[in-house]
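So that the names make sense, note that chain A is the first sequence line, chain B the second, and so on, each numbered from 1. Keep in mind the model is a prediction, meaning the values are calculated, not measured.
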Amino acid sequence: DTAVSQTPKYLVTQMGNDKSIKCEQNLGHDTMYWYKQDSKKFLKIMFSYNNKELIINETVPNRFSPKSPDKAHLNLHINSLELGDSAVYFCASSQDWGVSQYFGPGTRLLVL
Amino acid sequence: AQTVTQSQPEMSVQEAETVTLSCTYDTSENNYYLFWYKQPPSRQMILVIRQEAYKQQNATENRFSVNFQKAAKSFSLKISDSQLGDTAMYFCAFVGSNYKLTFGKGTLLTVNP
């Protein structure tokens, strides 16, 4: 029944590793997003896809690469992880830009 | 670029009382949407209320209501009959035609018994 799900919920890894976070929504929405919440709780958009097409690509290091195999999934792959990548990453979805976005439970990433 | 400002980093209220959280924003657009999201200690981001800029009527959802002042670019959230479960971080957010949901820095609300 979960509307927007993310796996894993927690991720602890070493600097330099590559990791992926998966997101799936069963709401039938056309648009999906990735947000980063830093240690001060500030939320910032990273990427957005609409029907598998990238529509928002904020100034994010190119070590971050989103992939949308279909409109229900938006995965986030991070290469060469750095200490500063430690944060909570949220996936979200909405039917359109002006409509409410529904968030996943978040993935807490800790880079050691 | 749009900006969202929440000037109250922390607030507290007694159970059953009313509290108002402030939010101002800056935009040159005429058509946009405003939101309040709640993030309890569980970390889940929960939509509380949504307001369309073209609607003059203030949105309400049970104990939650907003005071939307378009000319002043102000969007405050009023929580009536506060409950312990309302303890959370509250984020004001804006989305315009660029599709980007821009958040304020949040207000940590504590409801005391």
[atom1]-[atom2] distance between [X] and [Y], expressed to the nearest 0.5 angstrom:
{"X": "B/Tyr37", "Y": "A/Phe103", "atom1": "OH", "atom2": "CZ", "answer": "5.0 Å"}
{"X": "A/Ser48", "Y": "B/Asn98", "atom1": "OG", "atom2": "CG", "answer": "10.5 Å"}
{"X": "B/Met45", "Y": "A/Gln101", "atom1": "CE", "atom2": "CD", "answer": "9.5 Å"}

Does a sphere of radius 6.0 Å around [atom1] in [X] hold more than 12 heavy atoms from other residues, nucleotides or ligands, not counting ones at 6.0 Å or beyond?
{"X": "B/Glu15", "atom1": "CD", "answer": "yes"}
{"X": "B/Lys70", "atom1": "NZ", "answer": "yes"}
{"X": "A/Lys22", "atom1": "NZ", "answer": "no"}
{"X": "B/Asn30", "atom1": "CG", "answer": "no"}

So for B/Glu52, is it side chain, backbone, both, or neither that comes closer than 4.5 Å to the heavy atoms of chain A?
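No part of it gets close to chain A.
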
On a heavy-atom basis, which atom in [X] and which in [Y] lie closest, and how many Å separate them?
{"X": "A/Gly106", "Y": "B/Arg43", "answer": "O-NH2, 3.0 Å"}
{"X": "B/Lys105", "Y": "A/Phe42", "answer": "CG-CD1, 4.1 Å"}
{"X": "B/Arg50", "Y": "A/Ser100", "answer": "CD-OG, 3.1 Å"}

Any side-chain heavy-atom pair of B/Phe91 and A/Gln37 under 4.5 Å
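Heavy-atom side-chain distance check passes, below 4.5 Å.
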
Quick one, B/Gln44 and A/Phe90 - any side-chain contact, counting heavy atoms below 4.5 Å?
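Sidechains of A/Phe90 and B/Gln44: no contact.
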
Which one wins on heavy-atom pair count under 4.5 Å against chain B: A/Leu43, A/Ile55, A/Asn50?
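Heavy-atom pairs under 4.5 Å are most numerous for A/Leu43.
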
Would you say B/Ile79 ends up clustered with B/Val66 if hydrophobic residues are merged whenever their side chains have heavy atoms under 4.5 Å apart, either directly or through other cluster members?
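The answer is yes; both residues are in one hydrophobic cluster.
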
Are A/Leu109 and A/Val4 in one and the same hydrophobic cluster, where Ile, Leu, Val, Met, Phe, Trp and Tyr link if side-chain heavy atoms are under 4.5 Å apart?
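No, it is not one cluster - the side chains of A/Leu109 and A/Val4 are not joined through contacts under 4.5 Å.
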
Would you say the side-chain atoms of A/Tyr33 pair up with the backbone N or O of B/Leu101, donor to acceptor, closer than 3.5 Å?
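Here the side-chain-to-backbone pair does not exist.
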
For residues 82-89 of chain A, give me every residue with a non-hydrogen atom less than 4.5 Å from any non-hydrogen atom of chain B.
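Listed by number: A/Val88.
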
